[in-house]
Structure formats: C-alpha cells, structure tokens
There are 2 protein chains.
Amino acid sequence: MTSPHRSTDGRSRGGRPARISRQEILAAARHLIESQGVAHLTMRQLAAAIGTTPMAIYYHVKNKDELLLLLLDDYASSVQAPVLPDDPRERLFITACFMHDVLAECPWIVEILTAEDLLAASALWIVENILDSAIRCGLTPEQAVHAYRSIWYYAAGEILVRAASVSRRAEMDKPVYRDELFTQLDAERLPRLAALTDRWTDLTSRDTFRSGLDALVTGLLVMHGAGAAAQLSAETSP
Amino acid sequence: MTSPHRSTDGRSRGGRPARISRQEILAAARHLIESQGVAHLTMRQLAAAIGTTPMAIYYHVKNKDELLLLLLDDYASSVQAPVLPDDPRERLFITACFMHDVLAECPWIVEILTAEDLLAASALWIVENILDSAIRCGLTPEQAVHAYRSIWYYAAGEILVRAASVSRRAEMDKPVYRDELFTQLDAERLPRLAALTDRWTDLTSRDTFRSGLDALVTGLLVMHGAGAAAQLSAETSP
DNA sequence: ACCTGAACACCGTTCAAGT
DNA sequence: ACCTGAACACCGTTCAAGT
C-alpha cells in the first residue's frame, strides 16, 4: 500500500478528526450491496449512502478495486470455521463444500472473483485444509495443489454459472430465447437433447454441486494412486 | 425478437438503402475486441470504428446484450467440429476438451458467459455429444445431464479463473499483494502453504485442465456405476 | 426504412483548493 | 489530516427529427 492511505486502521495523531472511517465505508458498502445488489455499488452511490462526497472515499481507499478487495477480506474474516472431521477424505470434501457455500451465499462476490485474487488472507486456512487433507489422502504436495486448483475451478464455475442463471431469471426476456432454442431442435441431429427438451429446465435447476464435487474428489484420488482413500462418501446421489 | 429489428438478415424491400448491416457490425465488434480487448467494446467506440453514430447501431441490434449474444453465436458457428473417436469415454473427454479450448481461445467470451446463456444454438452439438457419450458409457439421461453440468462448471471455472489471473499479470500492483500474503504466512497455522511458498507461482501457472477433467470424468463414471468405462485415459499426468 | 443530434442519467478518477 | 467542488473523459439508451 502507498500514498496517505493507512494500511491498517491506525489512529490519526493530530490534524483534523476523521468524519468517516474505513470500517464505516466497508459496512455501508456491504449494506448497499446486500440491499440493492452489487450493480448499485458505485463510488457515488456509496458516498451518498454515507452522506459524504465521492472524493472523501478516495482518501480512505485507493480506488474501487481496492474497495472490492477489502470487502472480500472483510467478509472472509467474518466467517467462522466449521468443526471438521478427522478422516482426510471427508475433511477434504467438507472443507471444499464450505468454501463453496460461503462464497455462494453472497453472490456479489462473483464480481470480485473475476476481478481480484481468489484468496483473501483471512481465508487461507481453507486452502491449507484442502492441501493437508489431500496430502493425508496420499497425494504428493504437487498433486495436492493440482487437486485444490481443480476443486477451485469447479466451485467457482458453479457459483458463476448459477449467479448468471439467477440474474437471467430476474429479467423476463431470456427464457424466451432459451425456449426458442429448444423448440427448434433438430431431432435428427440432436436426438439426446430433443428427448430431454421437457425435462431440461427441471434437471438443470437442481443443485448437484455436492454430487459433482464428490465425483471430482473421487477421480482426483483414484487418478493419483490414492485409491484406498477414494471410497465413495455417503453424499452420493444422482 | 421484436421491434423493427430483423431477426434474420432479411433483404430490405423498398425504402432507404442500408449503409451498415448486422454482419458488418458483428465483424467490426469482433475485430475491435480482438485488437483492443473486450473492455473497449462500447456502443460508441464500435460506432466510431464503423464510421457511424452510436444510434445507427441500435437500429440493427436491440441493445448491447443482444449484440454480445449475436457475437457469441457468430463465433460458435464459425468453429468447425473436430473428428471424434468412437469410444464413448474418449469421445466424452475429447468433446469436453474441445468445448473448453474453443472458449479459452477467445477470452472476451468470459464477459458474455457470465452475462448470457451458456449455449448458442450453433454450439448445441457439443452438448449433444457429451450427453450421448455419457449415456453410451452407461449413465442414465438424468445422470448424463448432471455429468454435463459438472463438466461445464469445471471448464467455465478454469477459463474464468485463468482470464482473471492473466489480466492480473497485465497490471503490475497485484503480484505485490500476493507476495505480501505469502511472505507473511504463519508457518505454525499454515504449514502446508508455508512449505509450498517458493513453488506456488510455478505450480499454479501450469496447465492442469486436462488432468483435472480426466479425474472429473473418471469420478462421474465410477460414481454412477459405470466403472467399466471409467478406466483411466492416457492423458493422465500430475 | 434507415440514420442523425441532442439530451438524459449515469460512471470512475484527477486535481486544486479549502479548513 | 481530512474533505470539498468542479471538471474530465467516459458510459448505455431514449426520443424527436431528418432524408
């Protein structure tokens, strides 16, 4: 960090007393996002919500990107770790689920994930847990990093795709396009899709995150020769 | 589709001759994206590139969202299908790779994927192929849809995360933050991460998409009782 | 039928100045 | 030290008018 901007919330010594603080800005930003949606988080609207000018915010925060990063970190540190099982395969699965669920609960995070780094400092314990579990399952450290990355791709993809489909459902003209697509299906060239036309919406609206994650974890362990630890968990359900 | 906007490129019969066409707009948009990056695709800059006013575009295209959708469809239809193997497990893997690679080649698609539907009409054969392969591997149609969705999450996540990390590398202040994170690691609480500090950048910059996909496919087939078809493919590499 | 011009309601950010 | 005001360089989109 550079400039006058304090990296921590150091007490100001001397000078004019601050009217707004970083914490106040973050709290207001979070409230704004949760009540109005992430699209309404603009420097101008945030300033209005606090009752100050847009430029006052720039004294406490470098720019909008840093604001988003701080927001992510703030959220991550407010989350409290769950009790985790000892069995490594189970712990791997549960931690990955937790990582996903925590992010999925605040869809505004999606905007940040694509723009910023995936990991806030206060969320590193999640990565640590996944790596440790994987290594205890018999993977080498390199394989564990690879496994973590695959899981992250899967989880991030699920969140992003679901967020997109939710926002699509909010508008009213998209279903039209999708229906159009499916009614014009060429049953000769696309027989499988044609046979599934009626059930597609139903099938794709189900939550299959856990089941797919289970498959991924199983495959990762099997493929890396940790077959002993790869036995199917109880969550298995098509 | 509504309004005066022609859904196909129907010839205008009578009236003033068109100065610009939908095709011309799409071609210009694609060129703009490829040369300047997707951030530069604005109605105004597009108009300038064509040599017309922003509002002229609105006669041919409903709004920016529709423009993006048309762009996606245009790209999908320009892609030609690869020769696919007969073995269903192999075909599943290859098709999924193809889907991923095609999208990964034009990172601007990322913006559209999160905003729009995942599937353009001209790309449905990919879904068809994945479903068909999965069913031939022994999955039920429902399980096949589920498998397709898991694969899609994984592929979309990989693309999005990679696109984000590329754009991060383009700027110069992000590595600082990431390095900061890793040097301040508490080796007591995060031993696995601490042990990997030096190799993290190297390990996470490797392309492990295929290996992870292989694991996912293996897991999906094993979990759904199609173990016979789940034998590891040759692509396996940590 | 196809396009233009002006305008509306926004953005993020910089810069010089005030207290 | 902390904040303000005015300004810059943008957005997407609407609306009434021109040819």
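Naming convention: chains lettered A, B, ... in sequence-line order (proteins, then strands); numbering from 1 in each chain. These numbers were taken from a predicted model, which means no experiment stands behind them.
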Q. Can you tell me the Watson-Crick or wobble partner of C:dC10, both distances under 3.5 angstrom?
A. none
Q. What's the NE2-C1' distance between A:H40 and C:dC11, to the nearest Å?
A. 13 Å
Q. Quick one: does A:R149's side chain have a donor or acceptor within less than 3.5 Å of a partner on B:L203's backbone?
A. yes
**Q.** Any-strand Watson-Crick or G-U partner of C:dC15, both distances under 3.5 Å
**A.** D:dG5
Q: Round to a whole Å and report the spacing from CG of A:N63 to P of C:dT14.
A: 8 Å
Q: For B:R19 and D:dT19, give me the distance from atom CZ to atom P, rounded to whole Å.
A: 12 Å
Q. Quantified in whole Å, what is the C1' atom distance between nucleotide D:dC3 and nucleotide C:dA16?
A. 13 Å
Q: To the nearest Å, give me how far apart CD1 (A:I25) and C1' (D:dC3) are.
A: 12 Å
Q. Can you check whether B:H60 has a side-chain N or O nearer than 4.0 Å to OP1 or OP2 of C:dA1?
A. no
(Q) Check this one for me: any side-chain N or O of B:Y59 less than 4.0 Å away from OP1 or OP2 of C:dC3? (A) no
**Q.** Nucleotide C:dC11, atom P - distance to CG of A:L46 in whole Å
**A.** 11 Å
Q. Using 30° and 60° as the class limits, which term best fits the ring planes of A:Y148 and B:W200: parallel, tilted or perpendicular?
A. tilted
**Q.** Whole-angstrom distance between C:dA9 and D:dC10, as gauged at atom P
**A.** 22 Å
Q: Nearest whole angstrom, please: distance from the C1' of C:dC2 to the CD of B:E24.
A: 14 Å
Q) Separation of B:I20 atom CD1 from C:dC2 atom P, in whole Å? A) 11 Å
Q | Separation of D:dC2 P from A:I57 CD1 (nearest whole Å) | A | 16 Å
Q: Output, in order, the C-alpha distance, side-chain angles, deciding distance and verdict of salt bridge (Lys or Arg N to Asp or Glu O under 4.0 Å) for B:E128 and A:R189.
A: CA-CA 9 Å; B:E128 174 73 15; A:R189 291 182 54 244; over 6 Å; no
Q: In plain terms, say whether B:R210 and B:D101 are close enough for a salt bridge, that is, a side-chain N and a carboxylate O under 4.0 Å apart.
A: yes
Q.
Using OP1 and OP2 only, check whether a side-chain N or O of A:T52 sits under 4.0 Å from D:dT4.
A. yes
Q) Looking at A:T42, does any N or O in its side chain come under 4.0 Å of the phosphate oxygens OP1/OP2 on C:dC11? A) yes
(Q) Please pick, from D:dT13, C:dC2, D:dA7, the nucleotide with the shortest atom-to-atom distance to any side-chain atom of A:R44. (A) D:dA7
Q) What are the two closest heavy atoms between B:L41 and B:A29, and how far apart are they? A) CD1-CB, 3.9 Å
Q.
Any side-chain N or O of A:T53 below 4.0 angstrom from OP1/OP2 of D:dT4?
A. yes
Q) Closest nucleotide of DNA chain C for A:M55 versus for A:Q45: which of these residues is on the 5' side? A) A:Q45
